[in-house]
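Take a look at the structure below.
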Amino acid sequence: MAKVLTPRSESYSQWYNDLVLKADLAENSAVRGCMVIKPYGYAIWEKMQAQLDKMFKETGHENAYFPIFIPKSFFSKEADHVEGFAKECAVVTHYRLMNNPDGDGVVVDPEAKLEEELIVRPTSETIIWNTYKNWIQSYRDLPIKCNQWANVVRWEMRTRLFLRTAEFLWQEGHTAHSTKAEAIEETETMINVYAKFAEEFMGVPVIQGFKTASERFAGALETYTIEALMQDGKALQSGTSHFLGQNFAKAFDVKFASKEGKEDYVWATSWGVSTRLMGALIMAHSDDHGLVLPPKLAPYQVVIVPIYRKDEELEKIKVVAENIKSKLGAKGVDVKFDFSDNRKPGWKFAQYELKGVPVRLAIGPRDIENGTVEVARRDNLTKETVSIEGIDEYISTLLDEIQESIYNKALEFRAENTRSVDTYDEFKKVLDDKGGFVFAHWDGTEETEKRIKDETKATIRCIPLDQPDEDGIDMVSGKPSKKRVIFARAY
RNA sequence: CGGGGUGUAGCGCAGCCCGGUUAGCGCACCUGGUUUGGGACCAGGGGGUCCCAGGUUCGAAUCCUGGUACCCCGACCA
C-alpha cells in the first residue's frame, strides 16, 4: 500500500498535518493563522454540534446570539480578564475604504475612524454581562442559562490546524444565578456534560479536575477542565467550565433583589468547547493509514464499494447495495454508496481508510452469487465475509462494538501512559522517555509550579476531582502535600 | 517577536549555484480504448503574469536591492 501520510513514529506533528490535509478536513487559508474547514471536516463538527446542542438543551439551556464586536472600554472593566486577553486581540479602527488617491487599489479612509475601537471578540463575557445587566432585576429573572454558537478570534503567534487557529468556532455558555451554590452546581453540571460527550461520543477518555490558579481562565475563581491524552504522550485541554463568582456582575454592575428584599450581585459561570475537539478526535484514535472516526461522529458510518467488470454486474450490485442502504437508513445509519466509475476499488479502499469511515462493505459478483458481503472495520483493519441475510442487524451491532472498542483502546493507552512518581529525577526521566500523565505531589505554590514548567515544560494539567487524599511531600520543594496532581506536557 | 525555509500549471516538485532555443517532470484534469476483490494501463490533449516592484544585461525563473505571503522551529498561548 502506498504511503500518503508521514508515519507517526517519524514525526507526529507532520503526521497530524498530513492527515488533516489528506483526509480533507481542513486546509490553511489565504489569511494567516486562519483555516478553511472543508465539507468533510465540517460534517464531523456538525455532528459534534448537534449532540452537544442536544445535551445543552437537556440541561436547561437556550441558544442566543451576541455581537462579534465588543467596545474596547468593556475590556477594561474586569482587570484579570483584560490582562489575559489584551495581547491577542484583533481591533477594528475604521469602518470604510476608499479608492487609493495615489493609484491602484483601495485604502482605509482616514476620515472613517471609529470614536471607540471595537474588539473582535476573543470570548464574550464582557458583552454578555453588559447585556445581562438589562435583563436582571429580581431573583425571579434568574437563572439565565444561555449558550451561543459562534466564532472567536485570538491573535495567536503560532497556529496549527484545529489545535490553535487565529479564528475558531466554538460554543460559549454564559449563565447567571442568584446563589453561589447554584452557580457552582452549574459549573459542575457542564464539565460533566463535556466529559460525557468526550467519552461516549468522541470515544476519548478524559480526566476532570480543577486548574491551578495560574492556569485559570482570566477572571474566573475556579476553572474545571477535562484533559485528554494524545498518542504522542501530550495532554490536550479539551473543554473548560468556569465559576466566575461575582466578578463580572461587579464589573458590569449586575445586581438583583433577593426574595428577602436584599440587593446582591449575580453569580456567573461560563463554559466552552471549540473546534479544538476536532484535534483531540484526530490525535486520539487515528493511525498511519489515516483517520479513525467513532461511528457516532462519522459523517457516514458505512461506505459501500462495488466491485465489477461489466455493467450488468454493477446493476445487480446496485440493487443489493441500495437495499442495504435503505435498511440501514431505517436504523439511523448513514451509508454512502460509491459507485463512481473513475476509481478502482483499491483506490477507494485506501481513500475511505484515510477518511476514517468506520465500516466498509465491498460487494462483487462473487458476493452476489453467494449472498454475502465483505465487511471491513476501520478501527482494527479486519475483514470478514458475512451473509447478506440480517446484514442490517449485524452492521448496527458492529457499529456499537466499534464505538466501544475505540474508547477502550484509548482508555488502555491512557492507563499505560499514566504513572505515579515521587522524585524529581524520576519525573524528568518519565517525561523525556515516555510522556503521558504523571501523578505527583505538589506543595500548592505557584513558585514550584513555575519552576517545574520552566525546567521540564510540563504543566499541571489539573487537580483531579476523584483523586483520593494522600499525604506526601512535594518532589521539588520537599514541603508537605495532601494530594497528587497531574502533570504533563501539553498542546 | 527571534531563528530557519519556501513562493515555478489545481497539488507536489526540478530547473537557479554557472543568465542564452518554445520552462520541464510526477500526480490530478479532458478524450478514446482496455481494465476493476487493496492506490490500473496505453494513446492523445488542455492548462504558466516562474510571488510583487525596481535594478544589472543584447537577453533574467536564474544575478542584485527592496517588499510581501505562507510554512517549520522557538518564545507566547485564557
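Note: hydrogens, waters and symmetry copies are ignored here, and every other heavy atom, side chains too, is used. Protein chains get the first letters and strands the later ones, always in sequence-line order, with residue 1 at the start of each.
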When we call it a touch if two heavy atoms are under 4.0 Å apart, what does [X] touch: a base, just sugar-phosphate, or nothing?
| X | value |
| --- | --- |
| P365(A) | base |
| N28(A) | sugar-phosphate |
| Q351(A) | base |

Can you tell me if R366(A) touches the phosphate of G37(B), counting only side-chain N or O atoms and a distance under 4.0 Å to OP1 or OP2? no
What integer number of Å spans the [atom1] atoms of [N] and [M]?
| N | M | atom1 | answer |
| --- | --- | --- | --- |
| G32(B) | G10(B) | P | 24 Å |
| C30(B) | G37(B) | C1' | 29 Å |
| G67(B) | A75(B) | C1' | 26 Å |
| A53(B) | C11(B) | C1' | 28 Å |
| G2(B) | C52(B) | C1' | 26 Å |
| C77(B) | A28(B) | C1' | 39 Å |
| C50(B) | U62(B) | P | 10 Å |
| A14(B) | U8(B) | P | 11 Å |

Does [N] have a Watson-Crick or wobble partner in any strand here, with both distances under 3.5 angstrom, and which is it?
| N | answer |
| --- | --- |
| A43(B) | U31(B) |
| A78(B) | none |
| A69(B) | U6(B) |
| C63(B) | G55(B) |
| C25(B) | G12(B) |
| G38(B) | none |

Counting heavy atoms from C-beta on, name the nucleotide in [options] closest to the side chain of [X].
| X | options | value |
| --- | --- | --- |
| I307(A) | G37(B), C77(B), G39(B) | G37(B) |
| R164(A) | C77(B), A28(B), A78(B) | C77(B) |
| A362(A) | C77(B), C72(B), G37(B) | G37(B) |
| E374(A) | G37(B), U36(B), A78(B) | G37(B) |
| A350(A) | G38(B), A75(B), G37(B) | G38(B) |
| A218(A) | A28(B), G38(B), A78(B) | A78(B) |
| P345(A) | U36(B), C76(B), A78(B) | U36(B) |
| R360(A) | C1(B), A78(B), G38(B) | G38(B) |
| N17(A) | U36(B), C72(B), G39(B) | C72(B) |
| E353(A) | C29(B), G38(B), C76(B) | G38(B) |

Roughly, in whole Å, what's the span from [atom1] in [X] to [atom2] in [N]?
| X | N | atom1 | atom2 | result |
| --- | --- | --- | --- | --- |
| E222(A) | A78(B) | CD | C1' | 15 Å |
| E88(A) | A75(B) | CD | P | 17 Å |
| R154(A) | A78(B) | CZ | C1' | 6 Å |
| M157(A) | G74(B) | CE | C1' | 12 Å |
| K87(A) | A75(B) | NZ | C1' | 11 Å |
| E156(A) | G74(B) | CD | C1' | 15 Å |
| R461(A) | A78(B) | CZ | P | 9 Å |
| K457(A) | G74(B) | NZ | C1' | 8 Å |

Taking the nucleotide of RNA chain B with the nearest heavy atom to each, does F217(A) or K348(A) sit closer to the 5' end?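 Looking at the nearest nucleotide for each, K348(A) comes out on the 5' side.
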Let me know, please, whether Q237(A) or W347(A) comes out on the 5' side of the other along RNA chain B by nearest nucleotide. W347(A)
Looking at D432(A) and R489(A), is any side-chain nitrogen of the basic one under 4.0 Å from a carboxylate oxygen of the acidic one?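 Counted as a salt bridge, because a side-chain N and a carboxylate O are separated by less than 4.0 Å.
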Looking at [X] and [Y], would you say the former's side chain and the latter's main chain have a donor-acceptor pair under 3.5 Å?
| X | Y | result |
| --- | --- | --- |
| R276(A) | L163(A) | yes |
| Q171(A) | V273(A) | yes |
| Y352(A) | V359(A) | no |
| D288(A) | R8(A) | yes |

Quick check, are the ring centers of W129(A) and H81(A) under 6.0 angstrom apart? no
Is the distance between the ring centroids of W45(A) and F162(A) under 6.0 Å?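 No, the ring centres sit 6.0 Å or more apart.
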Side chain K344(A) and base G37(B) donor-acceptor under 3.5 Å: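 No pair found.
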Please tell me whether E449(A) and S214(A) have a donor and an acceptor in their side chains that are separated by less than 3.5 angstrom. yes
